[in-house]
Q: 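Below you will find the structure I want to go over with you.
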Amino acid sequence: MSAMNLIVAAVSKPGDVGRKVGFDMSEGWGMIFAAAFTGLFVLLAAVIAYRTGRRQVADQGRVEHQHWVRQNRFDAYQKFIAASDAVDDALEERRRHPGIGNAPLTRTLEGLMGAKARVQLVGPDAMVRSAMTVVTAAAALQQRMGRPVTQILPLNGQEWRELTEALVAAEGQFINDARATLDAPAE
């Protein structure tokens, strides 16, 4: 007999000879451990699924918000450009027919100011500055055409060209800024 068997025989009770000594892993204990490990893995899988689902919902919400912002910006910029075109038309009409007065030009300039307010609402700040440049250039033309002296001394070709070039350049810059803003990811 080996030394281990001798020790086991000495410690064992007379009826225990031939039985294993120590922890006996029966089928019952095996099923309990298997069920516990399965439960832990199911719980872990549920936590992972929950967190993944929440992340997916948050990502989807962020994407939808970016789309909403981009669409609102597009609409605001489009309306501003349309209002700017209306100002251009009113300025040209006023230049051709000085007797019609400033009322149509003033109305279109007010429309441009309203469109600028919408640009201010949807931003960003760079677009607000760009819109303000257009409004300032249009207002400079309107102010020059609204002077009583214009009735007597109409705008000369050089002055008209300088003022309209400033307006056209500001409108072109607004369009370029709008394109860049719409192409960039929304905030």
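One-based numbering along the sequence shown. Atoms considered below: every heavy atom in the structure, side chains included; atoms not considered: hydrogens, waters and symmetry mates.
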Q: Evaluate the side-chain proximity of Q173 to T133: yes if any heavy-atom separation is below 4.5 Å, no if none is.
A: no

Q: Just by modelled atom types, is the I48 backbone N or O under 3.5 Å from a matching donor or acceptor in the T52 side chain?
A: yes

Q: Which hydrophobic side chains are connected to V168, either touching it within the sub-4.5 Å cutoff or through other members that do?
A: none

Q: In terms of side-chain heavy atoms, does E171 have a donor or acceptor partner in S84 at a distance below 3.5 Å?
A: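 Their side chains do contain a donor-acceptor pair, which is all the 3.5 Å distance test asks for.
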
Q: What are the two closest heavy atoms between V119 and A76, and how far apart are they?
A: CG2-O, 4.0 Å

Q: Is there a side-chain contact between L141 and T164 in this structure, where contact means two heavy atoms from C-beta onward sitting under 4.5 Å apart?
A: yes

Q: Check the pair V122, V69 against side-chain contact (heavy atoms from CB on, under 4.5 Å), reporting the backbone distance first and the verdict last.
A: CA-CA 7 Å; V122 296; V69 167; over 6 Å; no

Q: Do V134 and L182 share a hydrophobic cluster (ILVMFWY, side-chain heavy atoms under 4.5 Å, transitive)?
A: yes

Q: Of all the heavy-atom pairs spanning A131 and K116, show the shortest one and how long it is.
A: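 Nearest heavy atoms, A131 then K116: CB-CG, 4.0 Å.
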
Q: What I want to check is whether the side chains of E64 and Q60 have a donor and an acceptor closer together than 3.5 Å.
A: yes

Q: Answer whether the closest heavy-atom distance between the side chains of N72 and R118 falls below 4.5 Å.
A: yes

Q: Work out which heavy atom in G123 is nearest to a heavy atom in V128; give both atom names and the distance.
A: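 Smallest interatomic distance, heavy atoms only, reads CA-CG2, 4.5 Å.
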
Q: For N176 and R179: C-alpha separation, side-chain torsions, deciding distance, then whether side-chain contact (heavy atoms from CB on, under 4.5 Å) applies.
A: CA-CA 5 Å; N176 290 337; R179 185 177 296 124; 3.4 Å; yes

Q: Examine distances only and state if a side-chain atom of R73 and a backbone atom of A178 form a donor-acceptor pair shorter than 3.5 Å.
A: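 No; judged by distance alone, with no hydrogens or angles, the pair does not exist.
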
Q: Under a 4.5 Å cut-off applied to non-hydrogen side-chain atoms, are E110 and T106 in contact?
A: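 The answer is yes, as the side chains (C-beta and beyond) meet within the 4.5 Å cut-off.
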
Q: Parallel, tilted or perpendicular: which one describes the rings of F80 and F174, with boundaries at 30° and 60°?
A: tilted

Q: Report yes if some heavy atom in the side chain of L163 is under 4.5 Å from a heavy atom in the side chain of L167; otherwise report no.
A: no

Q: Starting from the C-alpha separation in whole Å, work towards a yes-or-no answer on side-chain contact (heavy atoms from CB on, under 4.5 Å) for T181 and Y77.
A: CA-CA 10 Å; T181 299; Y77 301 163; 3.5 Å; yes

Q: Please report the shortest heavy-atom distance between A90 and P104, naming the atom on each side.
A: CB-O, 4.3 Å

